Amino acid sequence: IEAIPLVGSGIAYQKKDISPIIKNKVLPSGGFLRHLSSLAKDLRSGLIMGLHKQRKAIKHAKHHSNMVICVGDVFCLLMASLGKKVPIYFVPTAKSSKLTPHSILEATIMKRAAHGVFTRDALTASDLQNQGVNAYYLGNPMMDNLDSTGETFGIKPTDKVVGILPGSRKESLENFSHILKVIEILHKDKVSCKFIAGVSDDFSLDGLFFKSPHWRLTSDRPLILSHLSEPINVTLTDKFTDVLHMSQLIIGLAGTANEQAIFMGKPVICFQGFGPQSTLTRFLEQQKLMGKGLYIVANPAPKEIANQVKILLKLHTSNKKMSPQNASKRIIQHVLNDR
């Protein structure tokens, strides 16, 4: 197995002992090219050279590959189709007919380039099948592997817990700094609860302390942030699934992680963040996909967000039990049988 991330550094692959064969420069858009201004910034930051490097890496890797599995959007599929002709299987996580149906052009590209397409929901599979695409719905693999590791972070079963998902891209620093202001208000308002934040491996504590000088690191096992003048602590962890299992509600400015939280029955509070991954437009799209589990706070002032947290903590009832997906296993079996 060889990994070629098109956006980001591929840390998730490294956790599985798979070293990416390419190292990408992190671009200003973070991969969310929704406006010409974002494209212009990426072009100035070396987008063209980066794409050329990726094209060469893909062509070289395909010389000795038996198949390609690409995950993401149709651009990813186009890149995967470069070079030697081998079966390509496409997992389009980014689009759903519930929100934005695939265009005729996108369906044509899938029809020509993909040996099989595994959609995130049944409606999308049906729509693509009607356009002649070899599409299947075998479950959403992004909802797999959400079991707890058993980590409790020293929290008692009777404690109320607020989970924090600031996102995994560059904007997560400013997002998290803003959420710390919300936590300060909750403490001032005498809301009794614990806080756990799920952060990525490349999260910069130095950058956080620069933006939030009233906080410091008081423990490194586990990582605990403490306020300098108030008795407030926030546990930091990369054990994302444990954050979901331990929390009664989530303050989430993430993408797939927000969906996973709602899938597990956790209400998610979001607001306009500080980058392309956490725009109000994107959260409105998420709400159409995920329904009532996502609470958008229109005014991103810390006080308003804190008020929504207090309301949901009071309304909290037992969470629904998630049903196992095992979509990944079904997709793998389909691919193996297809060969």
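Every value quoted in this text rests on a predicted model; they were computed, and no experiment measured them. Position 1 is the first residue of the sequence, and the numbers go up from there.
The two residues Ala135 and Thr119 have their closest heavy-atom pair at CB-CG2, 4.5 Å. Listed here is the closest heavy atom pair of Ala3 and Ile18: CB-CG2, 3.9 Å. The nearest pair of heavy atoms linking Ala254 to Phe283 is O-CE2, 3.9 Å. Counting all heavy atoms, side chain and backbone alike, Ser148 lies closest to Thr241 at CA-OG1, 4.4 Å. Taking every heavy atom of both residues into account, Ala261 and Leu244 meet most closely at CB-CD2, 3.7 Å. Nearest approach of Val68 to Ala80, heavy atoms of both residues: CG1-CB, 3.9 Å.
Residue Tyr136 holds its OH atom at 14.0 Å from OG of Ser126, rounded to the nearest 0.5 Å. Taken from CD1 in Ile262 to CG in Leu289, the straight-line distance is 9.5 Å, to the nearest 0.5 Å. The line from CD1 of Ile224 to OG1 of Thr218 is 5.5 Å long, rounded to the nearest 0.5 Å. Remark: Ile250 CD1 to Ile164 CD1 distance equals 9.0 Å, nearest 0.5 Å. For the atom pair CG of Leu99 and CD of Gln287, the computed distance is 11.5 Å after rounding to the nearest 0.5 Å. For the atom pair Cys70 SG and Phe75 CZ, the distance stands at 11.5 Å (nearest 0.5 Å).
Salt-bridge annotation for Lys62 and Glu2: absent, with no side-chain N of the basic residue lying under 4.0 Å from a carboxylate O of the acidic one. Between Asp189 and Lys310, at least one side-chain N (NZ, or NE/NH1/NH2) sits under 4.0 Å from a carboxylate O, which counts as a salt bridge.
Around CG of Leu336, the count of heavy atoms belonging to other residues, nucleotides or ligands within 6.0 Å exceeds 12. Residue His187 places its NE2 atom among more than 12 non-hydrogen atoms of other residues, nucleotides or ligands, all under 6.0 Å distant. Atom NZ of Lys84 sits in a crowded spot, with more than 12 heavy atoms from other residues, nucleotides or ligands closer than 6.0 Å.
Glu171 contributes no side-chain N or O that, together with a main-chain N or O of Phe274, makes up a donor-acceptor pair within less than 3.5 Å. Side chain of Asp144 to backbone of Ser328: a donor-acceptor contact under 3.5 angstrom is found. In this structure, the side chain of Asp159 does not engage the main chain of Val161 through any donor-acceptor pair within 3.5 Å. For the pair His245 (side chain) and Leu146 (backbone), a donor-acceptor distance under 3.5 Å is present. Between the side chain of Gln277 and the backbone N or O of Gly167, no donor-acceptor pair lies under 3.5 Å. Not one N or O on the side chain of Asn233 forms a donor-acceptor pair closer than 3.5 Å with the backbone of Ser226.
Within the 4.5 Å cutoff, side-chain heavy atoms of Asp338 are placed close to those of Tyr89. In this structure the side chain of Arg216 reaches within 4.5 angstrom of the side chain of Leu228, judged on heavy atoms. Between Thr237 and Glu151, the closest side-chain pair of non-hydrogen atoms is not below 4.5 Å. With contacts defined as side-chain heavy-atom distances shorter than 4.5 Å, the pair Tyr295/Leu312 qualifies. By the 4.5 Å heavy-atom criterion applied to side chains, Ser96 and Leu123 are not counted as neighbours. Phe209 has its side chain within reach of Leu225: a pair of non-hydrogen atoms, C-beta onward, lies under 4.5 Å apart. Put simply, the side chain of Leu217 reaches to within 4.5 Å of the side chain of Leu205, judged on heavy atoms. Side-chain contact between Thr279 and Arg282 is present, with at least one heavy-atom pair separated by less than 4.5 Å.
Residues Ile305 and Ile296 are members of one and the same hydrophobic cluster, defined by side-chain heavy-atom contacts under 4.5 angstrom among Ile, Leu, Val, Met, Phe, Trp and Tyr. Under the 4.5 Å side-chain contact rule for hydrophobic residues, Val86 and Ile21 do not share a cluster. Hydrophobic clustering of Ile, Leu, Val, Met, Phe, Trp and Tyr side chains at less than 4.5 Å, counting indirect connections, unites Val117 with Leu78. Both Ile251 and Ile232 sit in one connected hydrophobic cluster of ILVMFWY residues. Membership requires side-chain heavy atoms under 4.5 Å apart, directly or through other members. In the hydrophobic clustering of this structure, Met143 does not group with Val71; members are Ile, Leu, Val, Met, Phe, Trp, Tyr whose side-chain heavy atoms approach within less than 4.5 Å, directly or through other members.
Defined by atom type and a distance below 3.5 Å, a donor-acceptor pair is present between the side-chain atoms of Asn337 and Gln333. Side chains of Ser212 and Ser177: a donor-acceptor N/O pair is present below 3.5 angstrom, by distance only. Under 3.5 Å, the side chains of Asn24 and Gln54 contain a donor-acceptor pair of N or O atoms. No hydrogens or angles considered: a donor-acceptor pair under 3.5 Å links the side chains of Thr124 and Asp121.
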message = Does Lys95 form a salt bridge (charged side-chain N to carboxylate O under 4.0 Å, His left out) with Glu106? I'd like the steps, not just the answer.
response = CA-CA 11 Å; Lys95 265 199 172 185; Glu106 289 173 320; 2.8 Å; yes
From CA spacing to verdict: side-chain contact (heavy atoms from CB on, under 4.5 Å), Leu236, Val234 = CA-CA 6 Å; Leu236 305 183; Val234 180; 4.3 Å; yes
query = Passes side-chain contact (heavy atoms from CB on, under 4.5 Å), Glu184 versus Glu230? Steps please.
reply = CA-CA 8 Å; Glu184 289 169 358; Glu230 300 291 340; over 6 Å; no
Verdict with supporting geometry, Glu259 and Arg120, salt bridge (charged side-chain N to carboxylate O under 4.0 Å, His left out) = CA-CA 12 Å; Glu259 292 185 50; Arg120 57 177 291 146; 2.4 Å; yes
query = Taking it one step at a time, do Gln248 and Lys266 satisfy side-chain contact (heavy atoms from CB on, under 4.5 Å)?
reply = CA-CA 6 Å; Gln248 275 77 55; Lys266 312 292 179 172; 6.0 Å; no
task = Any chance you could lay out the side-chain contact (heavy atoms from CB on, under 4.5 Å) test for Tyr137 and Leu128, step after step, and finish with the verdict?
result = CA-CA 11 Å; Tyr137 174 61; Leu128 290 175; over 6 Å; no
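Applying the side chain to side chain contact (heavy atoms under 4.5 Å, CB included) test between Phe90 and each of Asp73, Asn134, Leu77 identifies Leu77 as the sole match.
When ring centroids are compared, His178 and Phe271 come within the 6.0 Å threshold. The aromatic ring centroids of His334 and Phe118 lie less than 6.0 Å from each other.
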